[in-house]
Amino acid sequence: MTKEHANWSPYDNNGGTCVAIAGADYCVIAADTRMSTGYSILTRDYSKICKLADKSFMASSGFQADVKALQKVLSSRHLIYQHQHNKQMSCPAMAQLLSNTLYYKRFFPYYAFNVLGGLDSEGKGCVFTYDAVGSYERVGYSAQGSGATLITPFLDNQLKSPSPLLLPAKDAVTPLSEAEAVDLVKTCFSSATERDIYTGDSVEIIILNANGVRRETEQLRRD
Amino acid sequence: MVSSQNESNLLSSEGDSQRTQYPYVTGTSVIGIKYKDGILMAADMGGSYGSTIRYKSVERLKQVGKHSLIGASGEISDFQEILRYLDELILHDNMWDDGNSLGPKEVHNYLTRVMYNRRNKFDPLWNSLVLGGVKNGQKYLGSVSMIGVHFEDDHVATGFGNHLARPILREEWREDLTFEEGVKLLEKCMRNLLYRDRSAVNKMQIAKITEEGLTISEPYSLKTFWNFAAFKNPTVGAEGSW
């Protein structure tokens with residue numbers, strides 16, 4: 001008896017890369033704006049970044065329909081939180097919620113690769129990185145998506161993050177200034193665009209600090 | 001010993017009729033563009049049954065309420081079901097009788113949720129949809145696939161249209177296209193598809209939606225030219241090819 005195989009997959013990879021870097025008093029969250037399927041480009045100016053709360057921004061790549069559904073679930077949970085607690089969710093709280101939401105669908109996962117960036121309750125930058133089923137940790141910087149393998153070694157080299165095995169525990173946030181970090185992110189994306197076919201068109205950068213939110217766009221190669 | 005393999009197969013299409021399907025009668029590409037006054041959409045009228053072109057008068061462009069236009073490719077019977085869902089949606093919207101009506105953005109969102117939810121149940125509606133319209137002067141053009149992938153853009157296409165029409169549109173689309181220019185551009189894309197997509201038929205409709213209203217043209221055919229040098233001697237420069 002031969003087992004019947006699926007002639008259809010409920011998943012697709014719509015590509016894209018996301019990066020986030022935490023600073024002493026800022027956080028940079030960035031993602032390219034290309035949406036692809038197979039070897040085709042569907043659209044060149046699609047945002048992968050979602051504002052979940054005043055101090056929490058999530059950038060997600062992977063299967064777009066799941067990413068959108070995930071953003072919807074988290075946004076609506078945040079709205080309920082605001083109604084019940086009369087305040088915004090903190091970034092670490094949102095981080096836990098995202099993890100739980102992802103694990104909830106452990107046996108039919110959201111095909112979404114996320115980085116959550118924001119400011120913690122002390123105003124320091126925080127970045128949380130996830131896999132598709134909710135495993136997460138707080139880090140100083142992270143990249144996810146199709147260009148992650150190209151960007152992560154470069155960030156490791158440039159940001160010289162201290163080993164998490166050291167005692168006493170050293171702060172993972174980078175000593176770089178905000179402007180230097182934004183410039184670094186732009187460099188990451190232009191490099192990834194060269195070699196990753198799913199990354200390109202333009203990069204959307206969100207900078208979060210004590211003064212509020214700023215948004216920058218930089219054009220990338222469209223080939 | 002009765003084999004229980006059918007029931008235990010997560011993706012069996014024999015014992016469980018509510019699962020993954022195959023498409024039977026399908027429509028090919030739909031192309032949509034924004035132009036100066038609204039949205040233009042084009043689709044041919046073919047309904048293929050595998051490799052047979054079985055039906056040649058299938059209307060794949062339909063009106064949705066006051067402000068929207070839907071074009072569908074993929075399984076025709078699933079499109080008919082989607083039209084029934086939309087009919088009920090618009091009916092209930094009208095029954096509020098509050099002077100407000102669903103715009104293209106809302107209809108697109110509704111379709112996205114319908115498609116995604118069916119995908120979650122492993123029982124997709126086997127369509128790629130194009131949804132366009134104008135409301136309060138705002139033009140909108142979006143696309144939804146059978147697994148719920150959705151986006152909006154100045155020009156969209158389904159199926160082969162993504163490969164053959166989008167490149168032409170990327171070169172030649174402009175924000176301020178007039179109606180005549182828009183039609184010419186769409187016809188250029190449809191002609192391209194006619195040459196290269198084997199499921200295409202030479203009988204198509206173009207639909208236009210503006211703030212004023214919607215018109216779907218009578219079916220008509222494109223003039224084709226088969227005397228291109230490349231068509232006459234297709235293997236010149238690549239001997240042994242076909």
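Within the 4.5 angstrom heavy-atom criterion, no atom of D154(B) approaches chain A. In this structure, chain A has a heavy atom under 4.5 Å from the side chain of R166(B), while its backbone stays farther away. Contact annotation for D12(A): both backbone and side-chain heavy atoms come within less than 4.5 Å of a heavy atom of chain B. Looking at Y11(A), both its backbone and its side chain come within 4.5 Å of chain B, counting heavy atoms on both sides. Residue contact with chain B, scored on non-hydrogen atoms closer than 4.5 Å, involves the backbone and the side chain of T43(A) alike.
In this structure, K105(A) forms a cation-pi arrangement with Y110(A), its terminal cationic atom sitting closer than 6.0 Å to the ring centre and no more than 45° off the ring axis. Annotation: cation-pi pair K36(B)/F179(B) absent, no NZ/CZ under 6.0 Å from the ring centroid and within 45° of its normal.
Using the six-membered ring where Trp is involved, H78(A) and Y81(A) have ring planes that are parallel, under 30° apart on the 30 and 60° scheme.
Contact detail for P10(A) and I147(B): the closest heavy-atom pair is O-CG2, 3.9 Å. In this structure, D37(B) and K139(B) approach most closely via the heavy-atom pair C-CD, 4.4 Å.
Counting heavy-atom pairs under 4.5 Å between each of H150(B), H155(B), E152(B), M115(B) and chain A puts H150(B) at the top.
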